[in-house]
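Structure record follows, encoded as structure tokens.
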There are 2 protein chains.
Amino acid sequence: MTESIESYALDEQVGYLLRLANQRHASIFQSHTLEGLTPTQFAALIRIAELGKCSQNRLGRLAAMDVATIKGVVDRLRQKGLTVVEPDPDDKRRTLISLSPEGEALVSQMKDVGQKITNETLKPLTAAEQRNLIRILRKIS
Amino acid sequence: MTESIESYALDEQVGYLLRLANQRHASIFQSHTLEGLTPTQFAALIRIAELGKCSQNRLGRLAAMDVATIKGVVDRLRQKGLTVVEPDPDDKRRTLISLSPEGEALVSQMKDVGQKITNETLKPLTAAEQRNLIRILRKIS
DNA sequence: CTTTGTTTATTATAATACGAACAATTAAAT
DNA sequence: ATTTAATTGTTCGTATTATAATAAACAAAG
């Protein structure tokens, strides 16, 4: 019985490892990103580019962000001049979000950078492991 | 050309998927945890149990937490009565952290719960995929 | 039309998480 | 011994994330 009786290894728990992987990715992201964009802001920007003009709540749902989270993200993107916010004439509850010209320009630049960030994050893995990780993460997300 | 010319699929980027996986795990964690413990607080508690009495900065390094983060975590654990904080007589800079009796008791309970949380998080995967995910995450962490 | 229920957005609170700056202390170098 | 460098802990600022509560507007049903 050379192993610990405790039988709980923190370093092999998926939650702990996900936190570490996230930390490493965030660090790589930060060393590449433009305009001080965060991963969350980046994801929101890409989604707006995909969706076109859409409401704030819908954007949050499709970018996997809470209503409170997406509000803060949209506020910061607007402050940076990357998005345009306007009231929906057809529904007074809604706020419509879209990309500003500066936002559009940044998105095209960020797509290349995004690929570099992904590649560097996956660098320690073989090609098969990289595909495997993406596939498995999609299954548990 | 049915595919998008944009050629950047957010839903296949490792950073975005890691964020989603983390969200799912945090949600499962919260539905199981005792004393309102968060995943971060849980990890710190386990590390203290493994290390025994140690300084705050050392604990932070071994639990993958920033000095500012570990301070907040230790403060909240102390407020809950789970840890004991005392000055190091040999080094006036250091603060020594250890488990209180309540902390020790909680750790043994939390190890079972922790295993349940891991199992539920990995549930959508086959046994081979589960081992694979852990192995791959360890490689990129 | 009015009641009921849902959706949308905002606000507040709490807990990470990191960088940067700071003072106090210890260690190392000369 | 004195200067220099490194470590430790604290604090501040900014960002993300969730929950809960609130208010306004819309939709559906009677």
Side-chain angles (χ1 to χ4, degrees), chain A residues 15-16 18-31 33 35-45 54-80 82 85-97 141, chain B residues 15-16 18-31 33 35-45 54-80 82-83 85-97:
Chain A
Y16 184 70
L18 283 173
R19 186 169 137 262
L20 297 195
N22 241 329
Q23 279 180 353
R24 175 152 173 280
H25 174 263
S27 163
I28 291 171
F29 190 100
Q30 207 198 359
S31 68
T33 189
E35 308 269 334
L37 230 55
T38 66
T40 311
Q41 292 169 8
F42 175 78
L45 264 193
C54 70
S55 84
Q56 184 176 280
N57 268 21
R58 180 168 146 78
L59 173 61
R61 278 193 299 273
L62 294 172
M65 294 172 207
D66 196 66
V67 286
T69 303
I70 192 62
K71 174 174 170 45
V73 172
V74 165
D75 281 352
R76 284 171 217 114
L77 291 176
R78 191 182 43 75
Q79 277 179 345
K80 296 185 189 211
L82 301 174
V85 173
E86 54 185 328
D88 185 339
D90 298 333
D91 189 336
K92 291 177 189 167
R93 296 170 301 179
R94 290 201 174 106
T95 304
L96 295 180
I97 319 291
S141 291
Chain B
Y16 185 70
L18 283 173
R19 188 170 135 261
L20 297 195
N22 243 328
Q23 279 180 352
R24 177 153 173 280
H25 173 263
S27 163
I28 292 171
F29 190 100
Q30 208 198 358
S31 68
T33 190
E35 308 270 333
L37 230 55
T38 66
T40 310
Q41 293 169 8
F42 176 78
L45 264 193
C54 70
S55 82
Q56 182 176 283
N57 269 19
R58 180 168 147 77
L59 172 61
R61 278 193 299 272
L62 294 171
M65 295 171 206
D66 196 67
V67 286
T69 303
I70 192 64
K71 173 172 173 43
V73 172
V74 166
D75 281 353
R76 284 172 217 115
L77 291 176
R78 192 181 42 73
Q79 277 180 345
K80 296 186 188 211
L82 300 174
T83 57
V85 173
E86 54 186 327
D88 185 338
D90 299 332
D91 189 335
K92 292 176 189 167
R93 295 169 302 179
R94 290 201 175 107
T95 305
L96 294 180
I97 319 291

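Proteins come first, then strands; the chains are lettered A, B, ... in the order of their sequence lines, and each starts at number 1.
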So CG of B:Asn22 and CG of A:Asn22: to nearest 0.5 Å the spacing works out to 4.5 Å

Identify all pairs in which a protein N or O lies below 3.5 Å from an N or O of nucleotides 25-29 of chain D, and state each distance.
unit_1: D:dC26; atom_1: OP1; unit_2: A:Lys92; atom_2: N; d: 2.8

note: A:Gln23, atom CD; D:dA15, atom C1'; distance rounded to Å ~ 15 Å

Separation of D:dA15 atom C1' from B:Asp66 atom CG, nearest Å, is 14 Å

CG (B:Leu77) and OG1 (B:Thr38) are apart, to the nearest 0.5 Å, by 8.0 Å

Contacted region of DNA chain C by chain A, from 5' end to 3' end of the hits, cut-off under 4.0 Å to heavy atoms, spans C:dT7 to C:dC18

To the nearest angstrom, the CD-P distance between A:Glu35 and D:dA15 comes to 14 Å

DNA chain D nearest-nucleotide lookup for B:Thr95 and A:Thr38: closer to the 5′ end is B:Thr95

Rounded to whole Å, the CG-C1' distance (A:Asp75 to D:dT16) equals 13 Å

- Looking at every strand, decide which applies to B:Ser55 at a 4.0 Å heavy-atom threshold: base, sugar-phosphate, or nothing. sugar-phosphate

Non-hydrogen side-chain atoms of B:Leu45 and B:Thr83 separated by less than 4.5 Å
yes

Whether over 12 other heavy atoms sit under 6.0 Å from B:Arg24 CZ = yes

Test log, rule side chain to side chain contact (heavy atoms under 4.5 Å, CB included), inputs A:Leu37 and A:Leu82: CA-CA 11 Å; A:Leu37 230 55; A:Leu82 301 174; 3.8 Å; yes

Output yes when at least one side-chain N/O atom of B:Asn57 is less than 4.0 Å from OP1 or OP2 of D:dT7, else no.
no

Q. If only side-chain N and O atoms of B:Arg61 are considered, is one of them under 4.0 Å from the OP1 or OP2 phosphate oxygen of D:dT8?
A. yes

- Query: Just by distance, do the side chain of B:Arg19 and the backbone of A:Ala64 share a donor-acceptor pair under 3.5 Å?
  - Reply: yes

Of B:Pro39 and A:Ser27, the one whose closest nucleotide on DNA chain C sits nearer the 5' end is B:Pro39

Whole-Å distance, A:Arg94 CZ to D:dA23 P, equals 22 Å

So SG of B:Cys54 and CG of B:Leu62: to nearest 0.5 Å the spacing works out to 7.0 Å

Note, B:Lys80 side chain near B:Gln41 side chain (heavy atom, < 4.5 Å)
yes

Problem - Residue-phosphate contact under 4.0 Å: B:Gln56 side-chain N/O, D:dT10 OP1/OP2 - result: yes

Atom NZ of A:Lys71 and atom C1' of D:dT16 are separated, to the nearest Å, by 15 Å

Separation of D:dT8 atom C1' from B:Leu59 atom CG, nearest Å, is 14 Å

To the nearest 0.5 Å, atom CD1 of A:Ile28 lies from atom OG1 of A:Thr33 at 13.5 Å

